[in-house]
Structure formats: C-alpha cells, structure tokens
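To start, the structure under review is shown below, and the notes come after it.
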Amino acid sequence: MAASDTGVYKLRCSLIGHSMDVRAVAAAVYPDGAVVTASRDQTARLWAPNSDDNGFMEAHVMTGHSKFISSVCLLPPSDDYPHGMVVTGSNDHSIHIYSLESPEPVFKLTGHKNTVCSLAAGKFGTLLSGSWDKTARVWLKDRCMMTLSGHEAAVWAVAIMPEHGIMLTGSADKTIKMWRTGKCELTFTGHEDCVRSLAVVSNVEFLSASNDGSIRRWLTTGECSQVYYGHTNYVYSLAMLPNGQDFVTSGEDRTVRVWKGGECVQTITLQAQSVWSVACLSNGDIAVGASDNVTRVFTCAPERYASPEEIKEFEEQVASSTIPAKAAADMDGININELPGKEDLENPGTKEGQTKLVRSGMTVEAYQWSVAQQEWTKIGDVVGSDEGTGGTGEKVWYEGKEYDHVFTVDLGDGSPKLKLPYNLSDDPWLAAHTFLEKNELSQLYLDQVAKFILENTKGLTVGPAPSAQQYADPFTGANRYVPGSAAPADVPQQGQGSTLGSDPFTGGGRYIPSYAARDMENNPPAHVPQPTNPYFPRVTPLLFEQANPGAIVGKIKEFNSKVPAELQLDESGLDQISQLLAVATNQQPGAPTAMQMNTLWKIVQWPKDVVFPALDVLRLALRHSDINQHFCNSKDGPQFLTHLRTFLSPDSSPANQMLALRAVCNMFAQPVGKGLAISQHSDILATTLDCSASTHKNVRIAMATIILNYAAVIQDPEDIEGKSQCLSAVAALLDTERENEACFRLLVALGSLMVGDDNAIALARSLDLLPVVARKRGITEAPKVAECARLVHQLLDA
C-alpha cells in the first residue's frame with residue numbers, strides 16, 4: 001500500500017553493513033520493496049524487506065571491482081534474467097552487471113577511461129553510462145553501441161527519456177546535452193556549476209540538480225520552466241516520487257528535502273556531512289546513502305515508522321553532530337558573536353528547512369525549522385572559531401575563495417609547485433579529481449591524492465593548512481615514483497648541468513624542433529631541403545630521456561613480490577636491473593650484459609597492472625645502442641614489437657599506453673631500432689591510433705611524437721606509401737586535438753612531410769587538412785602552435 005502524500009517522513013530503519021561511504025542507492029526490481037546500495041568499500045548490496053518488521057536484511061553482496069563503486073542502477077527483467085540485473089560503475093573504469101544468483105558479475109563492460117560515475121537503464125536492456133572521461137556510452141548487453149562525445153568535463157549524470165530514443169547527459173561543464181541516435185540535438189545552459197543528477201518527469205520534461213544548489217525543471221524543447229531553491233550547498237542526487245511530479249533531493253548540506261507542488265515541504269537532516277544519493281521506492285519510502293557508511297530508509301506511512309526509541313536515538317545523533325563554524329555561518333549568514341539566546345526559538349520560522357544559530361551558555365547550537373511539526377529541531381553544535389577566520393578556525397584565501405586548507409604540491413620535475421585547495425566539508429575524492437583535472441595530471445593518482453587529503457585533515461577540526469613538515473606530499477613523498485619522471489635535483493643524472501629534466505615530457509630541455517640537431521648538422525641527407533623556419537623540417541627523432549632511476553628501481557622492488565613466482569626476480573636479478581639502468585642512463589661506464597637484458601625482458605612480461613616501471617626501464621634502455629640492437633634486430637624485433645603493441649590496446653591503462661608509446665619513440669634513437677620502426681610502420685601507426693580515444697595528456701603527446709619521428713625519418717619523396725600513411729595519421733588526430741603540445745608536434749610532422757614534396761602537399765590537400773590547419777592558427781594561448789600552423793598553411797595554400 002502506497003504511503004499517504006500528506007504524511008511526514010520519519011525514520012523507518014537503518015541498513016548497516018558497508019564499511020565506507022554509501023555512494024549510490026536504487027530501488028531493486030526483486031524482491032518487491034528491496035533496495036540496492038553501492039559503496040566506496042568496492043561492494044554493492046541487496047537489502048530485502050523483512051516480513052516480520054519494518055527493517056531490511058542483507059540478502060546479497062556483489063563483489064569484483066578493484067576500486068570504489070560510484071554509481072548503480074537496475075536493468076529491468078528479461079527472459080534470461082526474470083529478476084532483473086544490478087549494474088555498478090566504478091573508479092576502476094569498468095561497469096559490472098550482476099544477476100541475483102552470484103556475487104561475481106555476469107558481464108564486465110570496459111571502454112571508459114576514467115571513473116564511471118552515472119548509470120541509467122532503458123528499454124530492451126539498453127544501458128547509458130557517464131564518466132569522468134567526459135563521455136557517455138550506450139551499451140546493449142555487453143557491447144558498446146556508441147560513444148557520446150561533446151562535453152568538456154566529466155559526465156556526472158545520465159538519463160534515458162521514455163520515448164523517441166532521447167538520452168540526456170549532465171556535466172561538470174555546467175551543461176546538459178540531449179542526444180538522439182548518437183548526435184547532440186540540444187545543449188541546455190543555466191546552471192552555474194556542475195550538473196550532478198538528472199531525473200525524467202515525463203516524455204517532454206526532466207529535472208536537473210547541480211553544485212550551484214539549485215534544481216531546475218526543463219522542457220525537451222530547451223526551456224527551463226522552473227528553478228527550485230532550498231539547499232545551501234551542492235545538490236548531489238534527485239529522485240521522482242511515485243506520483244511522477246513530486247521529488248526528493250539530497251546534498252552536501254546534510255539534508256534530504258521533499259518537494260511537493262514546487263515547494264520544499266520537509267527537510268530531513270542527517271548526522272553525515274555528505275548525503276550522496278536518494279532513491280524512491282514504489283511505496284513512496286525514500287532510501288538515502290550517506291558518507292557515514294549507513295543507508296537509511298524514511299517513510300511517511302505511520303505503520304512503517306521506526307519505534308519511538310529508534311526515532312529518538314536518530315534525532316539525538318543528529319542533534320549531537322558537530323558543524324564547522326564556517327559551514328554554520330554560511331547557513332544563516334550572520335556573525336556568530338551576535339547570536340541571540342535560546343529564547344529566540346520561541347519565534348516561528350518563515351520557511352521549511354530554515355536554519356537558526358543560538359547561544360546556549362558557551363556553546364553555539366544550530367536549529368532547523370519544520371513546517372510540518374511547527375517547531376525548531378536541533379541539528380548540531382557549532383565547533384571551531386567563532387568567526388570562521390583567525391585562531392584555530394582560520395581560513396586560507398585562494399583564487400578568491402576561502403578554504404580550510406591549501407596544500408602545496410611539488411611534482412619534483414622542475415614544474416611550478418601546485419596548490420591543492422580543500423574544505424573540510426568537501427568530498428576528498430572529488431577534490432582530488434578536480435585538482436588532477438585542473439592541472440592535467442593523470443587520474444591514476446586519484447586514490448593517492450584523496451588518501452593524502454584524508455590523512456592530513458583527520459576529524460572536523462577547522463584550522464590552518466599544515467606546514468610542509470606536517471604532511472607527506474602526495475606526489476614527491478619519500479621515493480615517490482611517477483612513471484617517466486625525473487630524479488630529484490640531488491640525484492646525478494645524464495648530462496648533469498645541462499637542461500636534462502627541464503621538460504616534463506622529453507627530458508631534453510624545452511622542445512624546439514630544429515633542423516640543426518647535433519648528429520645531423522654537418523652531414524644532412526642529400527634529399528632533405530634546407531630549413532626555412534625554426535620548426536620544420538624535423539630530421540632527427542625526438543626522444544623521451546627524462547629519468548629517475550632510483551625511483552624506478554624502488555617501484556620494481558615493490559611490485560616484485562606481487563607478480564607470479566615464475567616472473568619474480570631474486571636479489572641478483574634486481575641488481576641486474578639496477579646496473580642496466582645505470583649503464584643506460586650513463587650513470588656508470590661499461591656495456592650492458594646479455595644477462596641484464598634478458599632480465600629486463602623477463603620483467604616486461606609482468607602483469608599489466610604492475611608492468612609500468614618495467615616499461616619505463618625499457619623506454620630508457622632502448623636509447624643505448626647495445627640494448628637497441630638486442631631487442632630490435634631483424635630476428636627478434638618483430639616479436640618484441642608485437643609484445644610492446646599489446647600495451648597500446650584501447651583498454652590498457654594510460655601509464656602503460658604512455659610508456660609503450662615512449663618506448664617506440666626511443667627505438668628511433670639507434671639505426672637498428674629505426675630500421676625496425678620503418679619496416680613495421682603500417683602496424684605501428686595503426687596501433688598508435690588505437691589510443692586516439694585517450695584523454696590523457698601524456699598519451700596524446702606520445703602519439704604525436706611517434707608520428708613526428710616517422711616524419712623525421714621518412715624524408716625521401718619516393719617513399720610515397722610511408723608519407724601517405726603518416727599524413728593519414730596526422731589527419732586522423734589533428735582536427736580534434738585539444739592538447740597544444742600534441743597539436744604542435746603534429747603540425748611539425750605535417751610541415752616536415754610536405755617541405756619540398758609537391759606530391760605530399762597534394763595528398764595533404766586531398767585529406768582536407770587545409771581548413772583544419774587554418775583553424776589551428778587561432779590558438780592564441782600557445783603562440784608556437786599558431787605560428788607553426790601559419791607556416792604549414794602557407795605550404796598548403798601556395
């Protein structure tokens with residue numbers, strides 16, 4: 001029996017079982033009235049209603065993800081799965097689909113390049129997923145049918161309209177896009193911050209919730225018909241009530257809010273800071289997942305209310321909560337020093353959910369007005385500085401905003417130090433994601449940065465940011481290893497005193513392509529024309545030489561115990577790798593031994609989740625003539641290259657893709673490797689383009705560098721096939737390339753291929769590269785890109 005629409009929601013029960021935040025909740029298909037929850041503890045759980053009381057019991061636990069789960073939805077029943085299926089999206093970039101008969105997934109969907117943060121189910125088994133990789137994907141069973149690309153930031157929300165094949169995506173770029181058959185038909189603007197949740201109202205209406213604190217009602221024609229305000233912080237989730245018009249929301253202000261007739265009619269405050277997700281059950285009850293690891297169910301049907309004792313205990317827990325002073329001041333907007341006493345609570349509130357701060361002796365208490373109960377309810381005690389600034393509650397200003405902490409992060413590669421701002425009320429993982437995305441750093445470091453934040457902001461104490469001595473930097477802490485990184489300043493390196501390490505990607509100083517490379521300047525090939533500008537033709541390969549040998553070896557030692565026994569190295573083997581690396585980076589004289597090179601080949605066979613430091617060794621080692629000859633000779637080279645290409649599949653990790661691409665680039669350092677690369681150019685270029693979906697900055701630069709290296713060595717006008725394939729590779733990437741350094745290298749490659757070769761120019765025109773290059777002339781934030789594009793355009797337009 002459905003609950004009355006006029007009732008007041010009260011606690012029904014609490015579901016205890018998860019060990020970390022409950023990030024997502026959904027109403028289950030079977031059994032009737034059940035709830036599915038998904039957590040940061042890497043599990044999803046099915047809770048079935050008890051037959052003898054108003055509680056739920058844990059009926060099924062689903063496992064298999066390697067990182068936290070951030071989204072969940074239910075696929076409707078089918079002939080094969082009459083009870084429906086549970087779908088989870090994770091920070092491990094995958095989607096798992098479970099039946100209710102097994103804890104292990106029936107299907108594992110891969111393709112996204114970052115966290116899968118939103119899911120929606122449609123008819124006939126259709127599934128829509130949204131990801132931090134800025135795309136949404138449409139799936140049918142275990143196959144990706146199409147990718148929806150167009151957002152400029154993470155896709156936090158997705159929804160499927162009931163008719164006409166319309167799909168919706170909401171993004172951190174503040175927009176909502178409407179898609180039909182894979183094409184964006186309309187972009188909705190109006191929100192002033194990330195769009196976090198979407199809910200379908202009817203065939204022609206939907207709702208959106210945002211970090212800007214608002215909820216908006218939209219028509220599919222593009223108009224915003226209504227804006228709802230009530231939350232005082234981010235709104236994370238919204239769900240429709242069974243009547244199809246009213247809805248509930250939850251957010252970072254600790255509340256669940258019930259909206260009826262366009263008004264907030266009830267505010268439920270929790271003791272948890274972040275109320276991540278809400279779902280409405282068929283009987284009108286509300287399931288709520290929060291950051292205190294608990295899922296709670298609220299009902300407006302008196303017969304399902306928890307006992308008076310349980311409700312009192314819940315209210316006392318909320319009342320005893322502590323609230324940071326700044327958060328409390330934001331709720332009411334007044335100076336805490338001027339607060340009235342508790343006698344002011346005799347005055348009724350003016351709206352549902354209104355908050356009031358009062359003094360009780362030396363304590364500041366927060367209260368919230370309930371319209372239904374016509375009373376003020378205590379929701380916590382305010383802690384920290386009275387004014388939110390200065391003393392132990394002092395705030396730090398950064399980029400025009402106040403933060404509880406602003407950490408300084410040193411990447412240790414010669415780059416400027418970065419700032420990581422954080423408020424105690426923020427989600428550490430979201431703050432980490434924002435920091436990495438803003439600074440174009442790999443999301444592989446997400447857990448590391450989030451754990452760093454948690455370690456250095458334990459508790460709710462409001463205070464200044466710790467000093468450098470009080471925390472370990474999340475990137476450069478003791479012997480921190482970043483794939484492809486440079487060593488600390490006090491570690492002797494090849495070419496000490498030169499510009500080695502000043503460029504975080506090439507390791508050879510800032511990359512300025514020029515004709516006059518040291519090994520070619522006196523004897524350039526006869527068929528290479530003299531340069532007429534500082535950019536092209538490029539006639540020497542560009543290498544990735546940045547090195548941090550100590551950190552690489554340290555990571556290999558760490559991972560050595562985690563690989564299968566037959567692939568592990570003993571102490572002698574570890575010494576072999578250290579010695580080989582020292583020789584390869586010119587830290588010690590001598591030649592590498594066959595045993596050292598065989599040991600390197602052994603660790604390159606390590607499992608893909610731990611192989612990246614071995615690939616880093618290989619990347620550096622291939623510059624050495626003896627090692628290059630060992631791996632790239634005519635007998636062994638094809639097998640070696642086949643293995644290297646396995647790391648370039650679209651589902652490989654960005655670290656493996658990046659380092660394998662860099663290894664291919666460094667093959668060009670010696671004649672034998674260069675010969676192998678030229679002989680296998682068709683396969684290498686095709687495999688390189690397999691990585692084109694990657695949004696990882698360093699992967700894209702490495703892809704462009706491979707094409708640039710081919711352009712540097714394929715200068716003979718008679719090599720029509722080689723130039724044709726290089727030009728086609730440039731055409732495949734250049735138009736949509738948004739990374740300026742990658743764009744620059746592609747332009748240098750294009751210019752190098754065309755200089756003095758009318759056939760190459762004609763082929764480039766046939767590939768419609770003229771308008772593409774013309775657009776690149778407008779990249780004002782990167783002058784070298786615009787200038788190089790201008791020079792390439794002159795060649796094409798001559």
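The figures that follow rest on heavy atoms only: side chains count, while hydrogens, waters and symmetry mates do not.
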Check your understanding: Any chance NZ of K177 has more than 12 other-residue heavy atoms, nucleotides or ligands included, within less than 6.0 Å?
Key ->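 Enclosed.
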
Check your understanding: So does Q605 have more than 12 non-hydrogen atoms from other groups sitting under 6.0 Å from CD?
Key ->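 For Q605, atom CD is crowded (more than 12 foreign heavy atoms under 6.0 Å).
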
Atom of [X], atom of [Y] and distance for their closest heavy-atom approach:
{"X": "A159", "Y": "A120", "answer": "CA-CB, 3.9 Å"}
{"X": "I160", "Y": "G122", "answer": "CD1-N, 3.5 Å"}
{"X": "M161", "Y": "V204", "answer": "CE-N, 4.2 Å"}
{"X": "H151", "Y": "S171", "answer": "ND1-CB, 3.1 Å"}
{"X": "S649", "Y": "D651", "answer": "OG-OD1, 2.6 Å"}
{"X": "L168", "Y": "L128", "answer": "O-CD2, 3.8 Å"}

Do [X] and [Y] have side chains that approach each other closer than 4.5 Å (heavy atoms only, starting at C-beta)?
{"X": "L74", "Y": "M85", "value": "no"}
{"X": "I286", "Y": "L281", "value": "no"}
{"X": "L148", "Y": "T135", "value": "no"}
{"X": "L733", "Y": "T736", "value": "no"}
{"X": "W139", "Y": "I95", "value": "yes"}
{"X": "L615", "Y": "F647", "value": "yes"}
{"X": "C665", "Y": "L661", "value": "no"}
{"X": "E192", "Y": "S210", "value": "no"}

Practice item. Evaluate the criterion side-chain contact (heavy atoms from CB on, under 4.5 Å) for residue pair Y98 and T88; output intermediate values, then yes/no. Key: CA-CA 8 Å; Y98 301 85; T88 57; 3.4 Å; yes

Review point. What residues, two or more places apart in sequence or in another chain, satisfy side-chain contact (heavy atoms from CB on, under 4.5 Å) together with H83?
Key: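 Expected list: Y30, L100, E101.
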
**Study point:** Residues in side-chain contact (heavy atoms from CB on, under 4.5 Å) contact with A34, at least two apart in sequence or another chain
**Key:**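 Result, side-chain contact (heavy atoms from CB on, under 4.5 Å) vs A34: A28, P31, L46, P49.
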
Mark yes or no for whether [X], through its side chain, and [Y], through its backbone, hold a donor-acceptor pair below 3.5 Å.
{"X": "H643", "Y": "V604", "value": "yes"}
{"X": "S692", "Y": "L689", "value": "yes"}
{"X": "S197", "Y": "S237", "value": "no"}
{"X": "R619", "Y": "N666", "value": "no"}
{"X": "K776", "Y": "F744", "value": "no"}
{"X": "T688", "Y": "M703", "value": "no"}
{"X": "D173", "Y": "E152", "value": "yes"}

Check your understanding: Mind checking whether F188 and F206 have ring centres under 6.0 Å apart?
Key ->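 Centroid separation for F188 and F206: below 6.0 Å.
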
Check your understanding: With a 6.0 Å cut-off on ring centres, are F435 and Y422 close enough?
Key ->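 For F435 and Y422, the ring centres are not under 6.0 Å apart.
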
Could you tell me if [Y] and [X] have a donor-acceptor pair between their side chains, going purely by distance under 3.5 Å?
{"X": "R745", "Y": "T705", "result": "yes"}
{"X": "S102", "Y": "S99", "result": "no"}
{"X": "R645", "Y": "T687", "result": "yes"}
{"X": "W156", "Y": "S118", "result": "no"}
{"X": "T115", "Y": "N91", "result": "yes"}
{"X": "S94", "Y": "H112", "result": "no"}
{"X": "H231", "Y": "T249", "result": "yes"}
{"X": "Q725", "Y": "S682", "result": "yes"}
{"X": "T295", "Y": "W47", "result": "no"}
{"X": "S78", "Y": "D80", "result": "no"}

Check your understanding: Should R23 and S71 be marked as a side-chain contact (heavy atoms from CB on, under 4.5 Å) after you check the CA-CA gap, both sets of side-chain angles, and the distance that decides it?
Key -> CA-CA 7 Å; R23 286 303 306 262; S71 53; over 6 Å; no

With rounding to the nearest 0.5 angstrom, report the [atom1] to [atom2] distance, [X] to [Y].
{"X": "D292", "Y": "W276", "atom1": "CG", "atom2": "CH2", "answer": "12.0 Å"}
{"X": "R137", "Y": "C144", "atom1": "CZ", "atom2": "SG", "answer": "4.5 Å"}
{"X": "H96", "Y": "S90", "atom1": "NE2", "atom2": "OG", "answer": "7.0 Å"}
{"X": "C224", "Y": "I176", "atom1": "SG", "atom2": "CD1", "answer": "8.5 Å"}
{"X": "D21", "Y": "S277", "atom1": "CG", "atom2": "OG", "answer": "12.0 Å"}
{"X": "L198", "Y": "L238", "atom1": "CG", "atom2": "CG", "answer": "7.5 Å"}

Exercise for review: Report the residues that fulfil salt bridge (charged side-chain N to carboxylate O under 4.0 Å, His left out) with K562, sequence neighbours left out, ordered by chain and then residue number.
Suggested key: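 Scan of K562 (salt bridge (charged side-chain N to carboxylate O under 4.0 Å, His left out), adjacent residues dropped) gives E558.
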
Practice item. Apply salt bridge (Lys or Arg N to Asp or Glu O under 4.0 Å) to E739 and R700, showing your working. Key: CA-CA 7 Å; E739 167 49 48; R700 302 204 66 81; over 6 Å; no

Review point. Got a salt bridge between K67 and D92, using NZ or NE/NH1/NH2 to carboxylate O under 4.0 Å?
Key: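 Salt bridge: no.
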
Check your understanding: Would you call E205 and R217 a salt bridge, using N to O less than 4.0 angstrom?
Key ->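 R217 and E205: salt-bridged.
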
Practice item. Run the numbers on F68 and S39 for side-chain contact (heavy atoms from CB on, under 4.5 Å), then give the verdict. Key: CA-CA 7 Å; F68 70 76; S39 169; over 6 Å; no

Exercise for review: Tell me, with the steps shown, if V158 and M167 meet side-chain contact (heavy atoms from CB on, under 4.5 Å).
Suggested key: CA-CA 8 Å; V158 295; M167 297 181 176; over 6 Å; no

**Study point:** Candidate list H60, M62, H18, test side chain to side chain contact (heavy atoms under 4.5 Å, CB included), partner R45, passing option
**Key:**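 Passing option: H18.
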
